[in-house]
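The residues of the chain are indexed from 1 along the displayed sequence.
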Amino acid sequence: ASYIPAIGVATDLLYFETCSYLYFKNLDISNYYQHPTLDYWFAFRGNDLSNCKFENINYHHNGSAFTLRGDSTTGNLFLNCDFHHNQDPYSDTPYDGADGLNITYVNNTAAVNTVRNCRAWWNADDGFDLWENEGYVEFDNCWSFYNGYIPDTFSTAGNGSGFKLGRGDTVTTTVRRYVHNCLAFKNRSWGFVENDNPCNMTIVNNTAVQNG
């Protein structure tokens with residue numbers, strides 16, 4: 001399919017702030033493309049969401065990732081969701097901002113978020129990204145593949161890590177990442193990468209195949 005830009009609206013498509021106990025289920029969030037004259041905007045952005053559940057979400061063909069952020073972002077569960085075919089070709093650094101799922105900028109060591117039975121593929125940047133997340137995040141039985149390429153091709157795009165587990169700034173022996181029963185294959189760069197995160201991590205019973 002051809003790449004059709006969104007109308008020139010400088011805003012997120014769906015935005016929720018300071019909400020708790022919301023339940024999102026069976027949603028297709030798609031086709032919110034990046035406009036050529038604008039930076040990317042999110043088709044879904046949640047700021048300071050707590051104890052929310054995202055189930056059977058199909059998030060695809062957007063200009064950037066599905067993102068949760070904020071210090072009060074905790075207690076959230078992603079269950080059986082798909083994040084794919086997201087790209088930002090018109091950014092200052094093309095294709096460098098479109099991950100599948102972000103849980104980022106969480107400056108709260110007590111935060112706990114879980115991603116279970118989810119998949120991320122053919123995103124221009126990374127599959128799953130936890131940049132500047134000081135909390136605890138669990139990935140359970142998730143797949144991440146074909147990331148770091150222009151979607152539906154193997155032409156070089158963004159960073160291309162399957163599971164990007166940093167960056168955090170706190171040096172600690174406390175486990176802040178638990179990744180188990182997950183699969184990373186044919187990502188352009190790393191399958192699993194700590195990304196300069198100095199915290200302790202438990203990464204067990206996973207498979208990484210043919211990553212760059």
Side-chain angles (χ1 to χ4, degrees), residues 1-19 22 24 27-49 52 54 57-73 76 78 81-107 115 118-133 144-164 166-167 186-190 193 195 212:
S2 60
Y3 187 85
I4 304 172
I7 59 175
V9 178
T11 186
D12 301 317
L13 179 64
L14 300 171
Y15 177 63
F16 293 83
E17 183 170 9
T18 317
C19 302
L22 301 179
F24 301 87
L27 296 179
D28 186 294
I29 304 171
S30 59
N31 300 306
Y32 194 61
Y33 291 111
Q34 184 187 28
H35 190 270
T37 64
L38 299 173
D39 199 0
Y40 61 79
W41 289 84
F42 302 100
F44 187 105
R45 178 160 66 106
N47 191 62
D48 289 325
L49 301 191
C52 296
F54 303 88
I57 305 299
N58 189 16
Y59 184 94
H60 62 98
H61 293 89
N62 299 303
S64 192
F66 188 115
T67 188
L68 296 188
R69 53 183 59 191
D71 296 347
S72 298
T73 297
N76 301 295
F78 289 88
C81 297
D82 293 300
F83 309 94
H84 58 99
H85 290 86
N86 300 300
Q87 60 174 317
D88 59 324
Y90 307 114
S91 297
D92 290 341
T93 303
Y95 302 107
D96 197 47
D99 301 319
L101 171 66
N102 289 343
I103 307 175
T104 56
Y105 301 105
V106 182
N107 189 26
V115 184
C118 293
R119 294 149 297 275
W121 74 95
W122 254 325
N123 298 292
D125 199 26
D126 304 303
F128 299 103
D129 193 343
L130 304 180
W131 180 255
E132 295 288 356
N133 188 324
S144 190
F145 54 98
Y146 297 167
N147 297 295
Y149 301 104
I150 297 172
D152 291 322
T153 79
F154 287 104
S155 298
T156 297
N159 297 149
S161 292
F163 295 82
K164 186 174 278 187
R167 186 189 71 179
K186 288 192 175 181
N187 296 288
R188 193 177 73 81
S189 297
W190 306 97
V193 60
N195 201 35

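Listed by chain and residue number, Q34, D88 satisfy the side chain to side chain donor-acceptor pair (under 3.5 Å) test with S91 (two or more places apart in sequence, or in another chain).
For the ring-ring contact (aromatic ring centres under 6.0 Å, His included) with F54, the lone residue among Y59, F78, F16 that qualifies is F78. Each of N86, V115, T67 was evaluated against L101; a single residue qualifies, V115, per the side chain to side chain contact (heavy atoms under 4.5 Å, CB included) test.
Of all heavy-atom pairs spanning A157 and A124, the tightest one is CB-O, 3.4 Å. Here the closest non-hydrogen pair linking G63 and A98 is O-CB, 3.8 Å. Annotation for I57 and F66: closest pair CG2-CE1, 4.2 Å, computed over non-hydrogen atoms. Scanning all heavy atoms of the two residues, the minimum distance from G158 to R188 falls at O-NH2, 2.5 Å. Closest of all the heavy-atom pairs between Y95 and Q87 is CE2-OE1, 3.3 Å.
How far CG of N147 is from NZ of K164: 10.5 Å, rounded to the nearest 0.5 Å. Atom CG of L68 sits about 8.5 Å away from atom OG1 of T104, to the nearest 0.5 Å. Between the CG atom of N102 and the CG atom of D129 there is a distance of 5.0 Å, given to the nearest 0.5 Å. Taking CG of N47 as the reference point, atom CG of D71 lies at 9.0 Å (rounded to 0.5 Å). Residue L38 holds its CG atom at 8.5 Å from CH2 of W41, rounded to the nearest 0.5 Å. To the nearest 0.5 Å, atom CG of residue L13 and atom CD1 of residue I29 are 7.5 Å apart.
Using the six-membered ring where Trp is involved, Y146 and F154 have ring planes that are perpendicular, over 60° apart on the 30 and 60° scheme.
A side-chain donor-acceptor contact under 3.5 Å links S144 to the backbone of G162. With hydrogens and angles disregarded, no donor-acceptor distance shorter than 3.5 Å links the side chain of D96 to the backbone of P94. S64 contributes a side-chain N or O that, together with a main-chain N or O of G97, makes up a donor-acceptor pair within less than 3.5 Å. For the pair S189 (side chain) and N159 (backbone), a donor-acceptor distance under 3.5 Å is present. The closest donor-acceptor contact from the side chain of D126 to the backbone of S161 lies under 3.5 Å.
Aromatic rings of F24 and F44 (six-membered ring for Trp) have centroids within the 6.0 Å cut-off, being under it.
Atom CH2 of W121 sits in a crowded spot, with more than 12 heavy atoms from other residues, nucleotides or ligands closer than 6.0 Å.
Looking at N76 and T73, their side chains never bring a donor and an acceptor atom within 3.5 Å of each other. Residues N62 and H85 bring no donor and acceptor atom of their side chains to less than 3.5 Å of each other. If you check the side chains of D82 and N58, you find no donor sitting under 3.5 Å from an acceptor. Side-chain contact check for H84 and N123: no donor-acceptor pair (N or O, by modelled atom type) lies under 3.5 Å.
Using a 4.5 Å heavy-atom cutoff, the side chains of W131 and I103 are not in contact. Under the 4.5 Å side-chain criterion, counting only non-hydrogen atoms from C-beta, Y149 is in contact with W122. Within the 4.5 Å cutoff, the side chain of H60 has no heavy atoms near those of the F83 side chain.
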### Message
Run the ring-ring contact (aromatic ring centres under 6.0 Å, His included) test on Y90 and Y40 for me, step by step, so that the C-alpha distance in whole Å, both residues' side-chain angles and the decisive distance to 0.1 Å come before the verdict.
### Response
CA-CA 8 Å; Y90 307 114; Y40 61 79; over 10 Å; no

### Message
Determine whether Y33 and N31 satisfy the following criterion, side-chain contact (heavy atoms from CB on, under 4.5 Å), listing intermediate values before the conclusion.
### Response
CA-CA 5 Å; Y33 291 111; N31 300 306; 3.4 Å; yes

